[in-house]
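Let me begin by presenting the structure, written as structure tokens, before commenting on it.
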Amino acid sequence: MTTNSLLLYTSPPPFNHPISDWKQVYSGILSSHAGKYKQAKGNSELRNKILAEVKAKILQHELLESVDLPHNLRVAIRMEYLHQLDPQGQEEEIAVMQHILAATGKRQEDTGEGEDAREEQARPTKAGDYKKGFTAFTSAQQIFKEEMDSYDRERRDTKDQKTIGQRTRIVQQWWESLSDDRKAEAGREAEKWNKLGAPKQTHDS
């Protein structure tokens, strides 16, 4: 995996509205930790702490609608500090990022299931869930819930109750970032759930 390939993995998804460069918006936070990150050469534990601190400070800021953070924020931060390192350090950092992204991809493959299995696992069990009917958007939140929650965690401090109001917008951004195939799958399941209705074993509570 080349540096250009890493950029693809750490770039924000495309949207229909203008997007500001997150690196410029949070340049002050990034630059204030760049020196410490460079000096922590050979100390992976310290560098991980610095990455966590940078990520936390970015998430503490109220997210602007015109700014979308990368899919893997920690790796993206590493990319920003890459040019600060010597050639050997750059090679080591690229290897670390490749390992992280490869492990992430493997987890997705290991937990990947067929469409039927995903539908069976995600299908709502409460009768009340069926009253309004499902859309592709609402069914996607059931089918790909773990992915959606991970996207949410990357973009706000979910432990801070004050950020809960940002979730609706973030979920909408997540939906916009989904591939056409996944949107189509969500649409099929929504149609199926609306047609079949609630399972006989469902309850209202």
Side-chain angles (χ1 to χ4, degrees), residues 1 4-27 29-30 54-80 97 100-101 104-105 107-109 111-119 121-124 129-130 132-194:
M1 186 180 293
N4 288 336
S5 299
L6 287 168
L7 284 171
L8 292 176
Y9 279 91
T10 57
S11 298
F15 293 104
N16 295 327
H17 50 74
I19 297 295
S20 300
D21 188 344
W22 73 274
K23 299 185 293 294
Q24 294 181 0
V25 174
Y26 301 110
S27 60
I29 297 175
L30 291 168
V54 174
K55 177 181 175 180
K57 287 190 175 182
I58 289 176
L59 295 179
Q60 283 171 3
H61 283 66
E62 183 176 356
L63 292 179
L64 303 175
E65 186 174 356
S66 61
V67 179
D68 189 67
L69 297 177
H71 288 293
N72 193 319
L73 183 54
R74 285 176 70 110
V75 173
I77 295 170
R78 283 181 182 272
M79 284 291 297
E80 289 308 299
M97 289 187 285
I100 292 172
L101 295 175
T104 301
R107 283 198 300 272
Q108 292 175 343
E109 290 178 1
T111 57
E113 301 171 312
E115 182 174 331
D116 290 341
R118 281 195 295 270
E119 184 276 330
Q121 183 177 7
R123 189 178 184 190
D129 293 334
Y130 292 79
K132 292 184 178 180
F134 290 94
T135 65
F137 176 58
T138 57
S139 67
Q141 295 175 58
Q142 301 278 345
I143 300 166
F144 308 115
K145 185 178 186 305
E146 289 187 8
E147 178 183 326
M148 179 186 69
D149 289 343
S150 176
Y151 188 97
D152 183 34
R153 288 192 298 270
E154 282 288 332
R155 284 152 179 80
R156 68 183 179 94
D157 183 359
T158 54
K159 295 180 181 178
D160 184 355
Q161 291 299 315
K162 295 180 181 179
T163 69
I164 192 66
Q166 301 173 18
R167 180 175 170 83
T168 299
R169 176 173 55 78
I170 292 173
V171 170
Q172 181 63 44
Q173 290 179 341
W174 166 79
W175 165 251
E176 293 179 18
S177 75
L178 284 184
S179 66
D180 290 341
D181 287 344
R182 289 200 167 192
K183 288 182 178 179
E185 177 181 339
R188 289 191 294 271
E189 305 311 348
E191 184 178 355
K192 178 179 179 180
W193 294 348
N194 291 334

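Note that the numbering runs from 1 along the sequence shown for the chain.
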D152 side chain reached by V171 side chain, heavy atoms, under 4.5 Å:
no
Nearest-0.5 Å distance, NZ of residue K183 to CD of residue E176
7.0 Å
Got a second to check how far E154's CD is from R74's CZ, nearest 0.5 Å?
9.0 Å
Check whether any side-chain heavy atom of L30 lies under 4.5 Å from a side-chain heavy atom of W22, and answer yes or no.
yes
Could you walk me through whether R118 and E189 pass the salt bridge (charged side-chain N to carboxylate O under 4.0 Å, His left out) check?
CA-CA 10 Å; R118 281 195 295 270; E189 305 311 348; over 6 Å; no
Can you tell me how far CE of M148 sits from CG of L178, rounded to the nearest 0.5 angstrom?
10.0 Å
Side chains of R155 and W174: does their closest heavy-atom pair fall under 4.5 Å?
no
Can a donor-acceptor pair be found, under 3.5 Å and without considering hydrogens, that links the side chain of N194 to the backbone of F134?
yes
Hey, what do you get for OG (S150) to NZ (K145), rounding to the nearest 0.5 Å?
11.5 Å
How long is the span from the NZ atom in K23 to the CD atom in E80, to the nearest 0.5 Å?
5.0 Å
So how far is it from I58 CD1 to D157 CG, rounded to the nearest 0.5 Å?
12.5 Å
Any donor-acceptor pair under 3.5 Å linking the side-chain atoms of W175 with those of Q141?
no
Backbone of T138 reached by a side-chain donor or acceptor of T135 within 3.5 Å:
yes
Y26 (side chain) donor-acceptor with V54 (main chain) under 3.5 angstrom:
no
Can you name the nearest heavy-atom pair linking D149 to R167, along with the distance?
OD1-NH2, 3.3 Å
For residues I164 and R156, determine if any side-chain heavy atom of one lies less than 4.5 Å from a side-chain heavy atom of the other.
yes
Between I143 and R182, is there a side-chain heavy-atom distance shorter than 4.5 Å?
no
Nearest heavy atoms of A186 and A140, plus distance in Å:
CB-CB, 3.7 Å
